[in-house]
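Chain naming here is simple, since letters A, B, ... match the order of the sequence lines and numbering starts at 1 in each.
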Amino acid sequence: MRRIMAALLLMGVSGMVMGQQKSAANKPGATPGAGSVTASIARGKVIYQNICLACHQADGSGVPRMNPPLIKTSFVLGDKTKLITIVLKGLNDDVEIEGEYYSNPMPPQSQLRDQEIADVLTFVRNSFGNKASAVKPGEVKAVRAKLK
Amino acid sequence: MNKFTLATVALATFLTSFGPGVPGTTLKPDADNAGLKLPSGFGALVAAEGLGHARHLTVTPEGDLYVKVEGTRNKGNTIWYLQDSNGDGKIDKKTGFFKYDGTGIEVKGNYLYASSNTDVYRFKLNDKHQVIDTNKAEKIVTGLINRHQHEAKAFTLDNDGNLYVNIGAYSNSCQIKDRTKGSLGMQPCPILDSAGGIWQFKADKANQTYGDGERYATGLRNVVGLDWNTQLNQLFVMQHGRDQLHDLFPDMYDEKQSAELPAECMYALHKGSDCGWPYIYYDQFQHKKILAPEYGGDGKKTGGDHIQDPAAAYPGHMAPNAILFYTGTMFPEKYRNGAFIAFHGSWNRAPEPQKGYFVVFQPFRDGKPAGDWEIFAEGFAGPGEIKSPGQAQHRPCGLAQGPDGSLYVSDDVKGTVYRIIYNK
């Protein structure tokens, strides 16, 4: 009985938190755009669905030995410069990804704007069980400049 | 009669109709038919499991198996030799050798042929079809293109000393920029010189490469399943059709169309066959060869009048990884000289649910596909809808026929070998 109460209480609290986040993001003048991580994740999700989902799948689990998963891999959670570089330049190498190899090319996505790449990577780094810091448009810009 | 007695009767018949091996042991299906759903009268057992990414397999006249494994990056063993010493159908002896990843394997005469992603090798066998020296692989074909896409060199042999090797296109649709939205096709497609077809080599000549072989058939994007039909003396192949119509040309194809198109096609080849990749694809709804969007198509314009028609067409993206013409006598008459096809299961239907992950039977009459294909064995992937291929518990990949007429199916997720048997 006490457990149920505690669970209910917890649900209530988290519901309130979520509600607050939402209203904060929606509040006029609170600039939900570029700055907010929640908004970046929401925009990134759309980009993921349009471009990345076909290969990396809806749950980020990829395709065995063809397209790698985006779940807690060293690339997704690791060095942001490397991660941004993969999206800008693509990847077509015999690289080991968490103990497996993948035989398919990842095409470059340099047509995406800095903001879009930041959004999609922020989405990936905070979905499928991943938890990592946001990627900022400025960081994408810096990597893009170096690659040119 | 209730279910229980039915099951008991079925079991009893199985017990009496098999079991030539060692006295006292019998071949019988697993209680759950190895998790498979089969037509009535058929049963299945798990012959082996845990073999790694088991791709193709082949059975010796003695009933022993050789299974080809990939994904070890040339570190572990990539061929398993499997024996069932007491005839109960369960493998109880296993030895490994060979260091090269790859898909193809076949016993032909006194040789075991196996491929890496660039070469085809063979091993000499003794009179029990056992490899005499596992360290002595003779290189038959070498230096084939391997560019990180469609690199598996699946192959088969005819009865006149020829070897037929798939050299898959290192591209989806020969776009200037592979798999990039809106990018047009290269004209002509330069890949076809050295890939995107089936090459014919001599089965007994060492160190052959492109110059020694002949491009037997072209315009095939990638073929994993191929079999020599001994009744017709003809090569049959299953093409993996192109991906991503919607991703690459969203104005012409919506997600639903892209999930269904193009067909996965069966081709009956002859020397000089051109099956049309990358210029056209086959639309199984319009029953037409359609000009690819990379080459000016719009989903309706037809193309390739000189291009060979498929012998049969199947739903898109299901990835046919093996074809086997059944010549045994264990299964009922209707299966004789028809084709079993192992569909590995799709990935390129997302966000639509995935399809395939089953073994299909395609009836044949007078050397031609006759009538609709039917699902023969399913349940490999496990229960429920498969949204992404990683959810599939098993994926059918290779097919082989045992000397008694059993049908073997390999799985490249967990390395299970299924044996499907029939009880009259």
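With a 6.0 Å radius and a threshold of 12 heavy atoms from other residues, nucleotides or ligands, Lys414(B) has its NZ atom above the threshold. Heavy-atom contacts from other residues, nucleotides or ligands closer than 6.0 Å to OH of Tyr100(B) number 12 or fewer. More than 12 heavy atoms of other residues, nucleotides or ligands sit less than 6.0 Å from atom NZ of Lys99(B).
Across His150(B), Gln391(B), Arg349(B), Glu151(B), the residue that shares the most heavy-atom pairs under 4.5 angstrom with chain A is Glu151(B). Note: Cys55(A) leads Pro69(A), Cys55(A), Gly99(A), Gly90(A) in heavy-atom pairs under 4.5 Å with chain B.
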Next item on the list: Might you work through the side chain to side chain contact (heavy atoms under 4.5 Å, CB included) test for Thr180(B) and Gln111(A), ending with a clear yes or no?
Entry: CA-CA 10 Å; Thr180(B) 299; Gln111(A) 80 285 358; 5.9 Å; no

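For Arg395(B), the part lying near chain A is the side chain, with the backbone staying farther off; criterion is any non-hydrogen pair under 4.5 Å. Of the two parts of Asp59(A), only the side chain, counted from C-beta on, holds a non-hydrogen atom closer than 4.5 Å to a non-hydrogen atom of chain B. Contact annotation for Met66(A): only side-chain heavy atoms (C-beta onward) come within less than 4.5 Å of a heavy atom of chain B. Interface residue Asp93(A): only backbone heavy atoms are found under 4.5 Å from chain B. Looking at Asp412(B), the atoms closer than 4.5 Å to chain A (heavy atoms on both sides) sit in the backbone and in the side chain alike. Of the two parts of Ala58(A), neither the backbone nor the side chain holds a non-hydrogen atom closer than 4.5 Å to a non-hydrogen atom of chain B.
A donor and an acceptor atom, one from each side chain of Gln354(B) and Gln57(A), are located under 3.5 Å apart.
Shortest non-hydrogen contact noted between Tyr101(A) and Lys75(B) is OH-NZ, 4.1 Å. For Asp178(B) against Pro107(A), the heavy-atom pair with the smallest separation is O-CB, 3.8 Å.
Every residue was checked against the side-chain hydrogen bond (donor to acceptor under 3.5 Å, both in side chains) condition with Gln49(A), not counting sequence neighbours, and none meets it.
Heavy-atom proximity under 4.5 angstrom to chain A picks out Gln244(B), Asp247(B) from residues 237-255 of chain B.
Salt bridge Glu96(A)/Arg73(B): absent, no basic N to carboxylate O contact under 4.0 Å.
Looking at heavy atoms from C-beta onward, Pro64(A) lies out of side-chain contact with Val413(B) at the 4.5 angstrom threshold.
Note that CG of Asn92(A) is 12.0 Å distant from OH of Tyr170(B), once rounded to the nearest 0.5 Å.
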